[in-house]
Number of protein chains: 2
Amino acid sequence: MAKTAPPPDPDTSVRSGRRTGLDREDVVAAALDLVEREGAAALTMRALATDLGVGTPTIYWHVGSRDELVAAVIGLQADRLAEQEVVGRTARERVFSAARHIWSSSIEHRATTSLAHQTGTTSLLAHRLEAALVIELEAAGLTGQVAADAARAILMTVGGALVLALRDPAGYPAEYRPDALWADSDAPIDPATRAALCAHPDLDGISATMLQAVIDHYVPA
Amino acid sequence: MAKTAPPPDPDTSVRSGRRTGLDREDVVAAALDLVEREGAAALTMRALATDLGVGTPTIYWHVGSRDELVAAVIGLQADRLAEQEVVGRTARERVFSAARHIWSSSIEHRATTSLAHQTGTTSLLAHRLEAALVIELEAAGLTGQVAADAARAILMTVGGALVLALRDPAGYPAEYRPDALWADSDAPIDPATRAALCAHPDLDGISATMLQAVIDHYVPA
DNA sequence: ACCTGAACACCGTTCAAGT
DNA sequence: ACCTGAACACCGTTCAAGT
């Protein structure tokens, strides 16, 4: 539903000579595509330029710098996520729905989420969904500081689960992986507990449970 | 209380000629010091080599690669954090104390925490304090899956607050800062709520409140 | 206004060569 | 065993120059 730019003048869209008919919008979309395809680390100015068939300085002309490009990419992704519809009949159900959208879309587009995470632009990525959350909270009767606190508490719950979900065990040496740490730990811990700590956690389930608890605490039934 | 290496042979400690008397331990300690002093981004192999007065390849000889160096740095910081003592009389108080250690030390050493965050080694940084948490949970009567779930829920709560606390507003363009996003947002939100969302959140307070709620949920009184 | 080739100062990493 | 100088292939960024 995002407003799409009208097609450029046919004469300039014929990419003869130096004009490529490239738009800032095109550059940002290609960057997001690159991240989703090949991961956050693959987003280099040169790789993006190659994808678009232009020289590297062209990217700079359109977006200014890599930091601005990243911000624009995260912003675009945020726009796309904002299309998701909040469902549910009760206030609690609808708040839960909005919060779960943040969780599931972050997992689904984990490369982009990681990019936001690494660059500290998470608030930008979450902002639209956060707004949806606040609207539902207000519909449930919360306003002012209480609504803001509730929104933050919910965001913290989702964000905390994402920190655990998005860390890449393949990213660092094997002896530093969580399961190896617990297996090798000399802490006086019960074997059953140790086994549970080594196992792959059900983050989706824990996250949902905590989310429900936080929402029940803030939103009246 | 970490075992310190005995002083090297006096003859080799005289840094004449090629021997520098440098240890892997020294390299990692200098790297951690560099991060704490100048931030996560300042940790480059060349800067570290300059700090230590050696050539860059020397760093590689001692630590292998930058990824391994980062893992070792985070591990060293984890060891230092582990010295903090858990206090409190009741089980809930002690679990709360252990969890707050994770929060406060992460804030206090935010540069190192950011480094762990960016490189996906958070689990490594938190592991020792996590172990302390599990020990207190077991002392409170939880074992196996329940203890592991409780530990994860507590970690998620702390981690979520850290995501919000550690993002650097100066890092990206002004128009993408959280307060600007809320001020410019066209979402139908009550002015009082909007103002509360623009204001600097009391993360320390929210974090403590949520932590207490999670602990009360898992740990019997 | 839009785009390029060529260069700058960085980065992680390697490797033959020294002692 | 430990350390170096020099190089490699990358990176973000800039800039004079083109149309």
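Every chain is numbered from 1 and lettered A, B, ... according to where its sequence line falls, protein lines coming before strand lines.
For A:Glu36, the side-chain hydrogen bond (donor to acceptor under 3.5 Å, both in side chains) partners two or more places apart in sequence, or in a different chain, are A:Thr112. In this structure A:Thr193 satisfies the side-chain contact (heavy atoms from CB on, under 4.5 Å) test together with A:Ile189, A:Asp190, A:Leu197, B:Val134, B:Glu138, B:Thr143, B:Ala147, sequence neighbours excluded. Under the side-chain contact (heavy atoms from CB on, under 4.5 Å) criterion, B:Asp51 pairs with B:Leu34, B:Arg37, not counting sequence neighbours. With sequence neighbours left out, the salt bridge (Lys or Arg N to Asp or Glu O under 4.0 Å) criterion links A:Arg100 to A:Asp204. A:Arg152 is linked by a side-chain hydrogen bond (donor to acceptor under 3.5 Å, both in side chains) to nothing, counting only residues two or more places apart in sequence or in another chain. The ring pair (Phe, Tyr, Trp, His ring centres under 6.0 Å) test applied to B:His101 returns no partner, not counting sequence neighbours. Applying the side-chain hydrogen bond (donor to acceptor under 3.5 Å, both in side chains) criterion to A:Gln145, with sequence neighbours excluded, gives A:Asp149. Evaluation of the side-chain hydrogen bond (donor to acceptor under 3.5 Å, both in side chains) rule for A:Glu136 yields A:Arg94 as partners, not counting sequence neighbours.
A heavy atom closer than 4.0 Å to some atom of DNA chain D occurs in no member of residues 31-42 of chain B.
Contact check, B:His62 against D:dA1: no side-chain N or O comes under 4.0 Å of OP1 or OP2. Close to C:dT13, at under 4.0 Å from its OP1 or OP2, lies no side-chain N or O of B:Thr56.
In this structure, A:Arg110 CZ and A:Leu115 CG are separated by 14.0 Å, a value rounded to the nearest 0.5 Å.
The nearest whole Å value for the distance from the CG atom in A:Asp23 to the P atom in C:dC3 is 10 Å. Across the protein-nucleic acid pair, B:Trp61 atom CH2 and D:dG5 atom C1' stand 19 Å apart, rounded to whole Å. Here the P atom of nucleotide C:dT13 and the CG atom of B:Leu48 are 13 Å apart, to the nearest Å. Remark: P of C:dC2 and CG of A:Leu52 are 16 Å apart, rounded to the nearest angstrom. Here the C1' atom of nucleotide D:dC3 and the CD1 atom of B:Ile59 are 11 Å apart, to the nearest Å. What separates CG of A:Asp26 from C1' of C:dC3 is a distance of 15 Å, to the nearest Å.
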Listed pairs, N/O of protein and of nucleotides 8-12 of chain D, under 3.5 Å:
unit_1	atom_1	unit_2	atom_2	d
D:dC11	N3	A:Arg46	NH2	3.4
D:dC11	N4	A:Arg46	NH2	3.3
D:dG12	OP1	A:Arg66	NE	3.2
D:dG12	OP2	A:Met45	N	3.0
D:dG12	N7	A:Arg46	NH2	2.6
D:dG12	O6	A:Arg46	NH2	2.8

Taking Watson-Crick and G-U wobble pairs with both distances under 3.5 Å, convert DNA chain D into its dot-bracket string, 5' to 3', dots for unpaired and | for cross-strand pairs.
||.|||||...|||||.||
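Two residues are said to be in side-chain contact when any heavy atoms from C-beta on lie closer than 4.5 Å; B:Met45 and B:Leu69 meet this criterion.
For residues 103-135 of chain B, the ring-ring contact (aromatic ring centres under 6.0 Å, His included) pairs, not counting sequence neighbours, are A:His117-B:His117, A:Trp182-B:His127.
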